[in-house]
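Ligands are counted one by one from 1 in listed order, and the atoms in each one are counted from 1 as well. Note that the coordinates shown come from a computational prediction; the quantities given were computed from them, not determined experimentally.
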Amino acid sequence: MSSDTSLLDDVARRAAAYLTRARVRVVAPPAATVDAASRGLGGPLPAAPSDAREVVELLDRFAAPATVVNVAGRFYGFVNGGSLPASTAAAWLAAAWDQNAALRVMSPAAAVLEDVVLEWVRDLFGLPAETGGALVTGATMANFTGLAAARHALLERAGWDVENDGLFGAPPITVVVGDEVHVSLVKALGLVGFGRRRVQRVPVDEQGRMRADALPPLDNRTILCVQAGNVNTGAFDPARELSARAHDAGAWVHVDGAFGLWAVCSPRSRHLVEGFADADSWATDAHKWPNVAYDSGLALVRDAEALRGAMSTASAYFVPGEQREPSQYTPEMSRRARGVELWAALRSLGRTGLAELVDRTCDHAKAFADGLRAMGAEILNDVVINQVLASFGPPELTRAVIARIQQDGVCWCGGTEWQGRTAMRVSVSSWATTAEDVAMSLASMRRAVEECRSSVR
Ligand SMILES: Cc1ncc(COP(=O)(O)O)c(C=O)c1O
């Protein structure tokens, strides 16, 4: 079967049209559009094959309008990056290559790209060259991977082979987290067998930073999980002090730095990341602040052998070579070559591009905070990076404003509860957000506040 390149040309035209329209379309699709997608794409599996052109046409007709516009700079929900042009284009190439990145022999290109991006990221984060790394789907799996390496190292020290003998009967491990730990880290603790509830929670301050003065006693069978960038406030734990205390006791320090670790790229915000390089393992996302196409995360482990010990397998049909074999460091075996988009994004930005991306999004966040204050909102956090938390007064008013903004469709913000207060979250994480987007979004927010104030009163 020869490949039909005109199909790819057709896809390029459709994708370009999508990206153009994304700038003017409502950010979240109306319910009727989503219903139409269910009807148009659903039904029984066809008995016979369909033409590839027809398949693509159906996707473009029904799925594209039911997407959330994540690529146009006015989606401020969660912590979603947009995909940089180089990253989107690289993802297309990677799809054409269809590489399995498990082993070097299956994809030398994927293995080389992983080597390169791991070197770049270690360098950006100020980590030693020997630090081990894995490219995974996102921070949740990166947290899982770092914790599995920690589990391997601490139990190996205690004379226990956890990969072969499991956790039943193993020497107990204590896990210490801040009270504002991200829910994905708690999930990862459950997956790795430590239990979601079996953790010691340390009180935090009003920004969600772990209080070093409230740290419980630590020992050499403790994992202390610190956070670089709280999902709500953007705040950073005092890593230098916490790491020093943990290491004095022989404990392992794991960092959840899903987006915050990238603050290191900017001379303006680098001070926030001070001390995080002292840790033993790090989890971060590339699909957040660095704007790599979904999905893309990184786990890094100072002791590469601990990571390899937790993840490697042996089989007669697989003889590892001298160089790094990707799947010896990852939870998965077969996996897509996600280093392609990651390499492309970092290569296209370079150091100054990364710094500008961080600074620009932080400036936009400050402009949002000022604009929201001017319309009477209370900003609940110190806007240290790209996250803003706004309260419009009573919880029902804040919730009504969020719903009205979402319905208006100019931009999209989600809600949260922050230390007993109902708040709107504004996360400026996309490269595509412009000052004009901020102004348009603030105008929509102002309309929503005025309408809701008069009806909720
Ligand atoms: C601090 C933190 N950790 C972990 C995660 C989970 O990231 P992902 O959804 O990419 O797995 C997030 C997501 O926002 C986060 O903010």
Side-chain angles (χ1 to χ4, degrees), residues 68 70 75-83 87 121 125 134-148 175 177-192 196 199 201 204 207-210 223-237 239 242 253-264 272-273 276 279 281-300 330-332 335-336 338 341-342 345 358 361 365 381 384-389 412-418 423 425-430:
V68 161
N70 200 43
F75 184 83
Y76 311 117
F78 310 95
V79 188
N80 279 15
S83 177
S87 171
V121 174
F125 289 178
L135 272 59
V136 293
T137 48
T140 306
M141 279 313 288
N143 277 322
F144 168 86
T145 304
L147 290 168
V175 180
V177 300
D179 214 16
E180 289 290 352
V181 60
H182 193 268
V183 66
S184 70
L185 190 126
V186 177
K187 175 177 175 173
L189 288 169
L191 290 174
V192 92
R196 293 187 185 197
V199 291
R201 285 180 173 259
V204 294
Q207 297 298 319
R209 293 174 292 227
M210 200 187 294
I223 302 170
L224 172 66
C225 300
V226 297
Q227 188 169 248
N230 176 280
V231 72
N232 285 313
T233 63
F236 293 71
D237 285 339
L242 292 167
V253 180
H254 172 76
V255 178
D256 176 3
F259 57 103
L261 276 176
W262 297 92
V264 78
L272 296 165
V273 185
F276 282 95
S281 54
W282 302 263
T284 194
D285 266 321
H287 55 223
K288 289 189 166 70
W289 235 351
N291 281 256
V292 175
Y294 278 93
D295 47 34
S296 190
L298 290 139
L300 295 151
T330 52
E332 312 90 345
R335 56 200 245 292
R336 70 182 195 87
R338 60 174 59 82
E341 300 94 331
L342 179 49
V358 167
T361 44
N381 65 318
V384 287
I385 47 169
N386 58 341
Q387 306 292 118
V388 183
L389 278 185
W412 200 97
C413 298
T416 192
E417 294 292 316
W418 177 250
R425 298 180 63 256
V426 186
S427 175
V428 191
S429 305
S430 171

Colleague: Please work out which of the three classes, parallel, tilted or perpendicular, describes the rings of Trp289 and Phe259, given edges at 30° and 60°.
Modeller: perpendicular

Colleague: Measure the OG1-CG distance between Thr140 and Asp285 for me, rounded to the nearest 0.5 Å.
Modeller: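 Those atoms lie 7.5 Å apart.
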
Colleague: Side chains of Trp418 and Thr233: do they bring a donor and an acceptor to under 3.5 Å?
Modeller: no

Colleague: When you measure from atom 3 (N) of ligand 1 to every protein heavy atom, which one gives the shortest distance, and what is it?
Modeller: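 Nearest protein contact, heavy atoms only, for atom 3 (N) of ligand 1 is Asp256 OD2, 2.7 Å.
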
Colleague: Are Gly297 and ligand 1 in contact, using a heavy-atom cut-off of under 4.0 Å?
Modeller: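 No, Gly297 has no heavy atoms under 4.0 Å from ligand 1.
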
Colleague: If the plane angle is over 60° it's perpendicular, under 30° parallel, otherwise tilted; pick one for Phe78 and Trp412.
Modeller: parallel

Colleague: What part of Thr140, side chain, backbone, both or neither, has a heavy atom within less than 4.0 angstrom of ligand 1?
Modeller: both

Colleague: May I ask you to identify the nearest protein heavy atom to atom 7 (O) of ligand 1, giving residue, atom name and distance to one decimal place in Å?
Modeller: Lys288 NZ, 3.0 Å

Colleague: Does any N/O atom on Asn143 come nearer than 3.5 Å to any N/O atom on ligand 1?
Modeller: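 Min N/O separation from ligand 1 is not below 3.5 Å for Asn143.
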
Colleague: Pick one: which of Ile223, Asp256, Val226, Val199 meets side-chain contact (heavy atoms from CB on, under 4.5 Å) with Val177?
Modeller: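 Single side-chain contact (heavy atoms from CB on, under 4.5 Å) partner of Val177 among Ile223, Asp256, Val226, Val199: Val199.
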
Colleague: Tell me which part of Phe259 gets within contact of ligand 1: side chain, backbone, both or neither, using heavy atoms under 4.0 Å.
Modeller: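 Side chain only.
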
Colleague: Working to the nearest 0.5 angstrom, can you tell me the gap between Thr145 OG1 and Trp282 CH2?
Modeller: 14.5 Å

Colleague: Out of all atoms in ligand 1, which are within 4.0 Å of some heavy atom of Val231? Include the element for each.
Modeller: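 Contacts of ligand 1 toward Val231, numbered from 1: 14 (O), 16 (O).
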
Colleague: Could you list which atoms of ligand 1 come closer than 4.0 Å to a heavy atom of Ala258?
Modeller: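 Counting atoms of ligand 1 from 1, those under 4.0 Å from Ala258 are 1 (C), 2 (C), 3 (N), 4 (C), 5 (C), 12 (C), 15 (C).
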
Colleague: If you have a sec, work out which protein heavy atom is nearest atom 6 (C) of ligand 1 and how many Å separate them, to one decimal?
Modeller: Ser184 OG, 3.4 Å

